[in-house]
Amino acid sequence: MQKINLVSSQLPAFGRRKAYAPAGICLKLLLCLRLIANCYGTNAQVPTIFSDSKAGLVEKDVLSRAYLVPTRIVWQTPDSSVLNADHLLTSTEHQPYFGDQRVTRLVNKGGTRAGIILDFGREIHGGIQITTSTSNRVTRKLRIRFGESVSECMSDVIGDGTTGTEGGATNHHAMRDFEMTVPGYGTAEAGNSGFRFARIDIAEPGSSLAIKEIRAVATYRDIPYLGSFKCNDERLNRIWKTGAYTVHLNMQDYLWDGIKRDRMVWIGDMHPEVMTINSVFGYQELVPKSLDFVRNHTPVEKWMNGISAYSMWWIILQHDWYLYHGKRDYLQQQAGYLVALLDTLRIRVDASGKENLNPGFRFIDWPSSENEKGIHAGLQSLMVLAFDRGATLCEILGQPARAKEYRALVTKMKTYVPDPNKSKQAASLLALAGIVPAEKANREVIAVGGTKNYSTFFGYYMLQAQAKAGDYQTCLDNIRSYWGGMLDLGATTFWEDFDLEEAKNAGRIDEVVPAGKLDYHRITGAYCYIGLRRSLCHGWASGPTAWLTEHVLGFKVVEPGCKTISIEPHLGDLEWADGSFPTPHGVIKVRHTKGANGKVNTTILAAPPGVRINGVKT
């Protein structure tokens with residue numbers, strides 16, 4: 001039967017792979033049915049049998065599911081113990097049947113355990129579904145190993161993953177190495193982690209298993225990509241999409257830092273993630289849900305996530321979330337905690353205007369964590385940013401006296417200029433806080449050595465500081481080399497940590513590492529991300545997505561709720577760029593084209609009513 005491919009604009013790329021219907025069915029009818037199904041899905045109720053349950057005990061899952069067929073066999077036991085492995089690369093009816101038609105057999109021979117590694121094409125969050133054949137008759141035990149890299153799914157668990165031992169594979173935050181029992185002929189599902197690769201081995205000596213089908217089960221939020229970016233450089237296009245997808249995967253029950261590790265709400269990590277969400281998805285309820293979760297679990301005299309900087313990031317996040325979405329009722333709910341937190345910070349500024357955030361974990365990011373002078377400069381800058389943003393919020397909340405007090409504190413703190421001690425993290429914050437001119441910070445610290453001493457988290461703020469200095473071309477070059485360097489090693493999402501110099505002789509993460517090549521995921525890493533413990537899908541690494549939208553497409557929010565937007569593109573060496581930006585009023589679409597004289601011509605392709613656009617005629 002001829003088949004036609006139906007593409008859903010609501011699904012991530014993994015969900016648009018194979019969705020088939022008979023060609024004889026009218027495509028319009030199918031799309032109408034999908035629309036009806038979506039409408040009913042939105043308003044569907046839980047079965048009435050649950051109506052007598054206590055309030056709060058029945059909760060519908062906000063996540064959707066998609067099934068992925070493997071794209072290739074990466075590796076299999078190098079003998080005849082795996083038969084017809086290629087059968088696993090085709091989709092079937094997802095239902096057990098009688099007989100041995102089209103099955104893959106894993107056969108343990110002697111002391112050898114049959115195993116196979118499947119590649120599902122891209123990083124996903126979820127688990128695995130295995131359907132067996134009736135020829136088995138009895139249950140079998142399988143060992144399942146998930147991996148964000150091939151190296152990870154070929155590894156054993158070493159300790160709890162926090163000891164720093166070589167390799168660092170862990171079940172500490174999500175089960176990635178475990179045994180499961182599958183029925184003789186039936187279907188079983190297991191797993192709840194971040195992975196791209198899965199290794200399946202028969203755990204019992206002398207046994208065999210006939211497998212009809214193996215699929216990955218991806219869980220994700222079925223939301224549209226309202227923002228977009230495209231230019232004449234395909235590498236930058238891939239980077240923008242990869243950053244967007246990295247954050248999308250971390251939008252699970254809450255906004256997580258990583259889908260394999262830590263799977264938690266870290267407020268500092270959230271800031272670049274939220275800026276990406278603002279640029280790609282627009283308003284999403286899990287952002288205030290996540291902000292409130294940490295607030296509700298942190299007494300105001302304590303620090304969020306145990307880190308003073310993260311409590312300051314919470315204030316900055318409240319400011320930026322209000323700026324983009326204009327939700328005054330939500331901001332009003334934060335007023336009591338916000339003011340109390342600002343006052344808690346205020347008493348930690350000494351008479352000379354210096355921060356004194358002791359005791360507590362003094363932290364900016366991990367690569368700068370041993371640079372005490374740099375940390376001091378970074379914390380001083382974050383306090384200035386927090387008081388400045390907090391003063392703005394107090395004005396909005398009708399507390400002008402407090403706003404005046406905090407602004408006076410900002411002025412006082414700016415008279416003290418700490419030494420960044422060659423820390424690009426600290427220099428970037430000094431520039432963004434207005435303590436040091438951005439041009440000076442860029443020239444003397446940030447631009448030195450290119451992407452040397454970059455970090456995937458603070459790379460976003462380094463780009464922001466360089467943009468403030470007007471060094472847009474260097475930003476584009478650094479995005480291409482640093483974030484593009486992860487793509488060159490096979491990344492489909494951006495990583496918790498990356499060192500471009502260290503990765504020069506590295507093998508790709510999507511292959512068994514060849515002799516003479518560095519096993520980057522297993523061998524490198526430091527601090528909390530030694531070796532395989534390192535997350536290869538970490539939302540804080542998505543900064544280029546937000547940055548390209550703000551500075552290349554030029555979208556900048558001027559008035560809360562996107563009532564006023566300025567558009568000021570910076571194409572650098574690009575010939576053209578176009579894209580879209582979500583606002584509470586609708587999506588703005590633009591196209592920028594560079595003329596022969598170097599002048600950029602901008603065309604507004606769509607502008608919703610209720611949004612004033614500065615700088616460009618609509």
Side-chain angles (χ1 to χ4, degrees), residues 65 67-120 124-148 150-158 169-171 174-219 260 512:
R65 289 159 59 95
Y67 297 95
L68 282 72
V69 177
T71 60
R72 66 186 177 109
I73 308 296
V74 178
W75 170 93
Q76 63 188 62
T77 311
D79 53 26
S80 59
S81 60
V82 180
L83 306 175
N84 301 318
D86 287 347
H87 288 343
L88 298 176
L89 303 182
T90 57
S91 180
T92 62
E93 301 89 350
H94 328 308
Q95 172 69 31
Y97 49 38
F98 291 95
D100 288 338
Q101 313 97 296
R102 292 188 58 80
V103 297
T104 299
R105 287 190 176 276
L106 276 63
V107 182
N108 280 351
K109 298 179 179 180
T112 301
R113 293 194 177 186
I116 190 169
I117 295 178
L118 304 175
D119 178 5
F120 292 97
I124 61 171
H125 175 269
I128 195 167
Q129 181 190 80
I130 299 177
T131 301
T132 58
S133 164
T134 58
S135 61
N136 296 303
R137 297 295 178 183
V138 295
T139 60
R140 291 292 184 219
K141 286 186 178 180
L142 299 180
R143 182 184 181 187
I144 307 297
R145 277 176 279 183
F146 293 133
E148 294 187 300
V150 171
S151 180
E152 184 175 16
C153 74
M154 299 185 80
S155 69
D156 296 323
V157 169
I158 303 174
T170 176
N171 281 340
M175 296 297 294
R176 57 152 297 274
D177 184 349
F178 57 92
E179 286 190 354
M180 68 178 291
T181 300
V182 294
Y185 45 101
T187 298
E189 292 186 8
N192 180 19
S193 184
F195 68 100
R196 173 179 170 181
F197 308 94
R199 176 170 173 171
I200 297 97
D201 297 88
I202 298 192
E204 299 160 309
S207 63
S208 64
L209 180 68
I211 301 175
K212 180 176 179 284
E213 187 174 19
I214 297 177
R215 302 190 294 173
V217 185
T219 59
K260 179 192 76 174
V512 178

Can any side-chain N or O of N84 pair as donor or acceptor with the backbone N or O of R105 at less than 3.5 Å? no
Examine distances only and state if a side-chain atom of N108 and a backbone atom of A114 form a donor-acceptor pair shorter than 3.5 Å. yes
Spacing of F197 atom CZ and R72 atom CZ [to the nearest 0.5 Å]: 6.0 Å
When rounded to the nearest 0.5 Å, the distance separating CG of L88 from CD1 of I73 is 5.5 Å
Closest non-hydrogen atom pair, A203 against R143: CB-N, 4.2 Å
How about T170 and V157: do any of their side-chain heavy atoms sit closer than 4.5 Å? no
Under 4.5 Å between any side-chain heavy atoms of K212 and T104, yes or no? no
Given E213, H87, R215, R102, the one that forms side-chain hydrogen bond (donor to acceptor under 3.5 Å, both in side chains) with T92: E213
Heavy atoms only: give me the nearest V182-A188 pair and the separation to one decimal. CG1-CB, 4.3 Å
E204 and R113: salt bridge (Lys or Arg N to Asp or Glu O under 4.0 Å), yes or no, with the steps? CA-CA 8 Å; E204 299 160 309; R113 293 194 177 186; over 6 Å; no
With rounding to the nearest 0.5 angstrom, report the CG to CZ distance, D201 to R199. 4.0 Å
If you define the side chain from C-beta out and look only at heavy atoms, does anything of S207 sit under 4.5 Å from R140? yes
Contact between E148 and R196 at the side-chain level, heavy atoms closer than 4.5 Å - yes or no? no
From the list T77, I200, I211, side-chain contact (heavy atoms from CB on, under 4.5 Å) with I116 holds only for I200
When rounded to the nearest 0.5 angstrom, what distance separates NZ in K141 from OG1 in T181? 5.5 Å
Determine the minimum heavy-atom distance between F178 and A190, stating which atoms define it. CE1-CB, 3.8 Å
For K260 and H125, run side chain to side chain contact (heavy atoms under 4.5 Å, CB included): C-alpha distance rounded to whole Å, both residues' side-chain angles, the deciding distance at 0.1 Å, then the answer. CA-CA 8 Å; K260 179 192 76 174; H125 175 269; over 6 Å; no
Show, in sequence, the C-alpha distance, side-chain angles and deciding distance for I117 and C153, and conclude whether the side chain to side chain contact (heavy atoms under 4.5 Å, CB included) test is met. CA-CA 8 Å; I117 295 178; C153 74; 3.7 Å; yes
Side chains of P70 and F120 in contact at under 4.5 Å (non-hydrogen atoms): yes
Heavy-atom closest pair, residues S81 and D79: OG-OD1, 2.5 Å
Which value, rounded to the nearest 0.5 Å, describes the distance between Y67 atom OH and H94 atom NE2? 8.5 Å
Roughly how far, to the nearest 0.5 Å, is the OG1 atom of T71 from the CG atom of L118? 9.0 Å
Considering all heavy atoms, the nearest L68-I124 contact: CD2-CG2, 4.1 Å
Indicate yes or no: at least one non-hydrogen side-chain atom of T132 is less than 4.5 angstrom from one of L209. yes
Nearest heavy atoms of A169 and R176, plus distance in Å: CB-NH1, 3.6 Å
For the pair F195 and F146, name the ring-plane relationship: parallel under 30°, tilted 30 to 60°, perpendicular over 60°. parallel
Stepwise, does the salt bridge (Lys or Arg N to Asp or Glu O under 4.0 Å) test hold for E179 with R145? CA-CA 9 Å; E179 286 190 354; R145 277 176 279 183; over 6 Å; no
Could you check whether any side-chain heavy atom of Q129 comes within less than 4.5 Å of a side-chain heavy atom of T187, counting everything from C-beta outward? yes
